[in-house]
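Just so you know, these numbers come straight off a predicted model, no measurement behind them. Chain naming here is simple, since letters A, B, ... match the order of the sequence lines and numbering starts at 1 in each.
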Amino acid sequence: MADEIFYWQALNRALDELMAVDEAIFILGEDVGLYGGSYRVTEGLYAKYGEWRVRDTPISEGSFTGLGVGAALMGMRPVVEIMTVNFALLALDAIINMAAKVPFMSGGAFPMGLTVRMPGGVAKQLAAQHSQRLEHTLMNVPGLRIVVPATPQDAYWQLKQAVLSDEPVIVLEHELLYFSKGQVDETLPPPPPHRALCRRQGRDLTIIAYSKMAALAEQAAEKLVAQGIDAEVIDLRSLSPIDWHTCAESVARTHRLLIVEEDCRFAGAGAEIAATLTERCFTQLEVAPLRLGGLDIPTPYNGRLEAQTIPQVEDIVAAAKQLFN
Amino acid sequence: MADEIFYWQALNRALDELMAVDEAIFILGEDVGLYGGSYRVTEGLYAKYGEWRVRDTPISEGSFTGLGVGAALMGMRPVVEIMTVNFALLALDAIINMAAKVPFMSGGAFPMGLTVRMPGGVAKQLAAQHSQRLEHTLMNVPGLRIVVPATPQDAYWQLKQAVLSDEPVIVLEHELLYFSKGQVDETLPPPPPHRALCRRQGRDLTIIAYSKMAALAEQAAEKLVAQGIDAEVIDLRSLSPIDWHTCAESVARTHRLLIVEEDCRFAGAGAEIAATLTERCFTQLEVAPLRLGGLDIPTPYNGRLEAQTIPQVEDIVAAAKQLFN
Amino acid sequence: MDRDQALAFLHDMTLARAFEERAAQEYMQGNIAGFLHLYPGEEAVAVGVLHACEASDYIVTTYREHVHALVRGVPAEEVMAELFGKSHGCSRGMGGSMHLFDAERRFMGGYAIVGETYPVAVGIGYGIVLKDLPEAVICFFGDGAVNQGTFHESLNMAALWKLPVLFVCENNQYQIGTEIHRHSAVPEVYKRASAYRIPAERVDGMDVLKVYEATQHALQQIRAGTGPQLIECVTYRFRGHSMADPGSYRPPVEVKAFQQVDPVEMALRELSLAYPSPEQIATAGPDCLLRLREYCLDQGHLHEESIKDLEQKVQAEVEAAVQFALECPEPTMDDAWDALLCNRNGEVLT
Amino acid sequence: MDRDQALAFLHDMTLARAFEERAAQEYMQGNIAGFLHLYPGEEAVAVGVLHACEASDYIVTTYREHVHALVRGVPAEEVMAELFGKSHGCSRGMGGSMHLFDAERRFMGGYAIVGETYPVAVGIGYGIVLKDLPEAVICFFGDGAVNQGTFHESLNMAALWKLPVLFVCENNQYQIGTEIHRHSAVPEVYKRASAYRIPAERVDGMDVLKVYEATQHALQQIRAGTGPQLIECVTYRFRGHSMADPGSYRPPVEVKAFQQVDPVEMALRELSLAYPSPEQIATAGPDCLLRLREYCLDQGHLHEESIKDLEQKVQAEVEAAVQFALECPEPTMDDAWDALLCNRNGEVLT
Ligand SMILES: Cc1ncc(C[n+]2csc(CCOP(=O)(O)OP(=O)(O)O)c2C)c(N)n1
Ligand SMILES: Cc1ncc(C[n+]2csc(CCOP(=O)(O)OP(=O)(O)O)c2C)c(N)n1
Ligand SMILES: [Mg+2]
Ligand SMILES: [Mg+2]
């Protein structure tokens, strides 16, 4: 039986195991070294691998992410930590115009073994500038892969797969997941990084979610039992590419679809999910797919208001019920 | 009868008329002054209003856009030209984390009369780094308004409305539209900036498009007549907010929806349009809405390949026919 | 520095210290959440700089800005209420600790993305020139912020167009856990200004008078139309980076050494008209400042009583602020939508 | 500089000029599209720098990089085919003029977003140190690129960690239509390096030998482990910014003055073993370089014939490149998908 560890520990273990065997891997970011990482993900690695392989950087997101691009072009496997996704706005040229495009523009002559990890999402009253969600922006960039692990096991698997990939991979970690616990079994063979996971089987309704919302959707599903609704819950695990097959197969069975995301609803990730699954499952759908997303407003600092801007378990329950009216 | 002028001239006229009466308006960007603007939009204004009101900047997109934010906070009306949308990736912190959020974070105590103009889209073999489309990213940002004028008349109207607005407005101009011609009547009262325009009425099918694709959709609609399909063509004119009423009303009549966009299809603007109109019009739809978008690949330099990555008139015709199979 | 001014400084610094320590307590109580970046140790910078400004000058600052707001005159009640996320907070509960604003006092905000203060300040400076006014902008930033690209871009533009901006580096020698020698190839921040031909000076940021004088001088130059200036204030924060940071990356001796040059203590010393001699300072030993304070008191330039009075007054101010914040109503979602849409000026979208 | 080397320089510079002028013609013919940024006038920079590098060094450059590729040894056929967007172009027709790549020659690309070359070069430099190799990276950039934030951020990191990067500024004094005094508060680019404590030098970029020697010297230092270096090459472009730019913002006298210090002419002069005296240069008048060339020829160090031979050889090379490009097949959409997905290493998504 595998032990229960924190999400951050699963990420830490993945990095440690890989760095021990592959010298091409190095970590860089603000306070990843001596300090051990804002969310402890790189704890202990500086002492073990030294400052060149665990590099504390100045506050220069655009350039240290670009540094990762350069190093990846020559065959290294840089793991860039952008302290939070909010600062990734400063690194989007490096991610979108460089990492995602340079190998293509060279006609396919260079690898891009770059991994960019970013904690994000609405945490606890960090206010509008520190509550970004960026999945929609990154999804629209061909050439990037995006994983959104929701459990320690997935964090362990997907980070390992990301680091070993020759494609640029963005790992979106939710700030409120770092101190969630779960089993991590290193001996199990991992599923493909983009494979969606059915977290709960059900007959009446498909709820698709990812990252922190996957757990909330599961809780909502348990509550829905009392209302006589048996919901299937799918955790996407990957936002680019998306495992459409698993999703469509579920919708074809349940005939109802609820999509839950924390991102602002307007032009959020859910829009793509709803649009594609409508195309694929139109005739099987009883009602229009429903998107439950964040409100289209910057995140207020006030805690009660903050909570009202993103889906809560009760909101998911209510939305699910709406699909049966 | 109003005269026919180029799209760039319409923009130029809008700026000139406003600057003559409002001293709070100033323009800044690379080569907007002495050189007259890469696409001539600011031609003649440097000579007329001087270097302080038409300011040539260094190549510092992040900071000169941020300069616009600062000036807007104190009540000025800066009009920032980002030479092309591709460089806006360097200015997204200023646009997303500052312009869109600062007035909100202050509790509503400051105006944000900032206008950011950006030419964009796939032009003629400018390769992957110079063929960005950024609408999806900007749409997901509450607090921003986004207009996408497709004609000289709209360019004239919408730029004027943008500059006079106290909300931050992004004006997305298509590089291939600057030298298109059309009538501009300054005496007509403008419609609200977000109002969609029905460019062609039809009974069988609604085609929703914007910017350059609106004209292509119209051409496709003319060709579809020969196939016995009478298509309605809606030019969105604004991507945030979207005039859902006009769109939904059309779909309710035609029962079929085709969305055409140049942006990469996956998580592009079309996803939001399809998802929302499915929600609003589910029972009126005969078939699932279809999105025709750019391929999910960086834009190749080679001209033939480039053309294959974005919708052409024939592709629109073919997609429309598909909705009747 | 005359006695009145010294007392004003001392008041603000004492209030600053008390306010921040109370904020820390309220955070532990759960009345304040989010990231809370406190200022103890650095008070001489905000107080010295802001006392040298005019009411018509604009202030642009970072997430570590409670004290800047207080010194600028934003009532302690409104600052505390904002930390509590309440509707009478200076940002109506929408911004919180990192985003204090006050339009009336030209307090143009706390910015939480490192490096944002530069372009905002430059933009305001540009507007001032366009309007041809004798105003200036004060732009605060940390030592870690110096490596952000906007520093370079903005200082170049400010210098190129001779904008009336005073750049003030609060060099507390740490970027969270990264010491300045590990983040900057040139750790003397003021030297970087030469790349833009901006006059720059390094001052002892633990000495409020020096900060005040340097600011006065710089603002004189700026108002004379010679373009931007930069002041680097070398200082230290006594606490961790934020309430989430234990600060264990700093050697205890380092923290202690700086506590011994505590600017509040130094301001007290300033009140003494008879300065201690260098010998006296040299022989004062590790608790030199405490001893100096006693020495000053002995000289009769400042009475035990007046210090106690001041401390009580300040405690009452802070207490009142907390009471106000506690009693203040929470904002509603309507308030939030209003904050977002008020610049729409009533335009109704249909 | 010995004769062989001089002849090699002259060959490359002559080829560079002929290649670019032909590219301009092919653009007018419609065989090349997009943005086409040409290099005439600046040849001494690429030739001087790249001849001083080792094959194991890495090159990172901008969108104005055809000549860099040629000098680095990318066959003219493959460069021209790329400009034509053909499948045997050095980027398989996917990149075009602004994005030339050649993995084998460590030609790490042309970057079209101003300021991208810095972090890429710094990243490669970081990799070199991690691998503990004696290699270096050459990072090219224009004068306009100096004001991008990445310059500042990247140079700081390069200096902080002593990375083996040679920063080479191709200062042609214009950022499209904006002259350097209008975009930079400090127009002497090399002076900006002091903000990072990076040794820097300004050289006459119209003189290939000076550029070559400065590069050799800088690379020696870099390989000795002392960290990055910067060279500013002052040069001039004879054409507009790109084929879309008539360049009318520059006074004709300025263009003419720089044409008279044409680096190709100067390289010819270098071939003369008997250098002209300062007096001879002084009396040479406005067409001094033409006269000098004649003078050199008179001295017998270089024959009319050999110049003609060289020019013919180079023309033949360019002609062959154009023929190759014309006959080369177009890439297919399959090729494009392949370029995108090859790093997926056969992973099939189901
Ligand atoms: C662009 C950006 N990157 C990272 C952060 C996270 N962060 C917040 S404060 C800080 C350190 C800033 O140090 P400094 O500028 O010296 O200011 P100090 O906190 O010491 O006052 C960092 C890295 C941020 N807010 N913004
Ligand atoms: C970030 C960015 N902003 C603007 C542009 C448009 N642009 C292309 S080249 C150029 C001028 C660059 O000048 P310089 O660095 O001096 O290089 P030069 O062209 O003179 O060789 C500009 C503004 C761009 N490509 N990237
Ligand atoms: Mg600091
Ligand atoms: Mg230049």
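The contact between A336(D) and chain A is made by backbone and side chain atoms together, counting heavy-atom distances below 4.5 Å. For a residue to count as touching a neighbouring chain, one of its non-hydrogen atoms must lie under 4.5 Å from one of that chain's; by this rule F26(A) touches chain D with the side chain only. Of the atoms belonging to L160(D), it is side-chain heavy atoms, and not backbone ones, that fall under 4.5 Å from chain A. Neither the backbone nor the side chain of P192(A) comes within contact range of chain D; no heavy atom of the residue lies under 4.5 Å from a heavy atom of that chain. When heavy atoms are compared at a cutoff of 4.5 Å, L349(D) approaches chain A by way of both its backbone and its side chain. For L163(D), the part lying near chain A is the side chain, with the backbone staying farther off; criterion is any non-hydrogen pair under 4.5 Å. If you measure heavy-atom distances from P193(A) to chain D, the contacts under 4.5 Å come from the side chain alone. In this structure, chain A has a heavy atom under 4.5 Å from the backbone of F107(D), while its side chain stays farther away. Heavy-atom distances place the side chain of M76(A), and not its backbone, under 4.5 Å from chain D. Looking at V137(D), neither its backbone nor its side chain comes within 4.5 Å of chain A, counting heavy atoms on both sides.
Summarising the geometry, atom CZ belonging to F110(A) is positioned 11.5 Å from atom SG belonging to C342(D); distances are rounded to the nearest 0.5 Å.
Among the candidates L100(D), V60(D), L341(D), L340(D), the residue making the largest number of heavy-atom pairs closer than 4.5 Å to chain A is L340(D). Counting heavy-atom pairs closer than 4.5 Å to chain D, the top residue among A24(A), G108(A), G107(A), A94(A) is G107(A). Taking chain A as the reference chain and counting heavy-atom pairs below 4.5 Å, the highest number among G96(D), P119(D), C90(D), A103(D) is found for P119(D). Most heavy-atom pairs under 4.5 Å with chain D: of the set L73(A), V69(A), L90(A), this distinction falls to L73(A).
V120(D) approaches M98(A) most closely through the heavy-atom pair CG2-CE, 3.1 Å.
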Between chain D and chain A, identify every pair of one donor and one acceptor N or O atom lying under 3.5 Å apart.
residue: G95(D); atom: N; partner: M105(A); partner atom: O; Å: 3.4
residue: Y126(D); atom: OH; partner: W52(A); partner atom: O; Å: 2.6
residue: Y126(D); atom: OH; partner: R55(A); partner atom: NE; Å: 3.0
residue: E153(D); atom: OE1; partner: S63(A); partner atom: N; Å: 3.1
residue: E153(D); atom: OE1; partner: S63(A); partner atom: OG; Å: 2.8
residue: S154(D); atom: OG; partner: S63(A); partner atom: OG; Å: 3.1
residue: N343(D); atom: ND2; partner: F110(A); partner atom: O; Å: 2.9
residue: R344(D); atom: NE; partner: E167(A); partner atom: OE1; Å: 3.1
residue: R344(D); atom: NE; partner: E167(A); partner atom: OE2; Å: 3.1
residue: R344(D); atom: NH2; partner: E167(A); partner atom: OE2; Å: 3.2
residue: N345(D); atom: ND2; partner: D166(A); partner atom: OD2; Å: 3.0
residue: E347(D); atom: OE1; partner: R145(A); partner atom: NH1; Å: 3.1
residue: E347(D); atom: OE2; partner: R145(A); partner atom: NH1; Å: 3.4
residue: E347(D); atom: OE2; partner: R145(A); partner atom: NH2; Å: 3.0
residue: T350(D); atom: O; partner: H194(A); partner atom: NE2; Å: 3.2
residue: T350(D); atom: O; partner: R195(A); partner atom: NH1; Å: 2.8

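For the pair M74(A) and I128(D), the minimum side-chain heavy-atom distance is below 4.5 Å.
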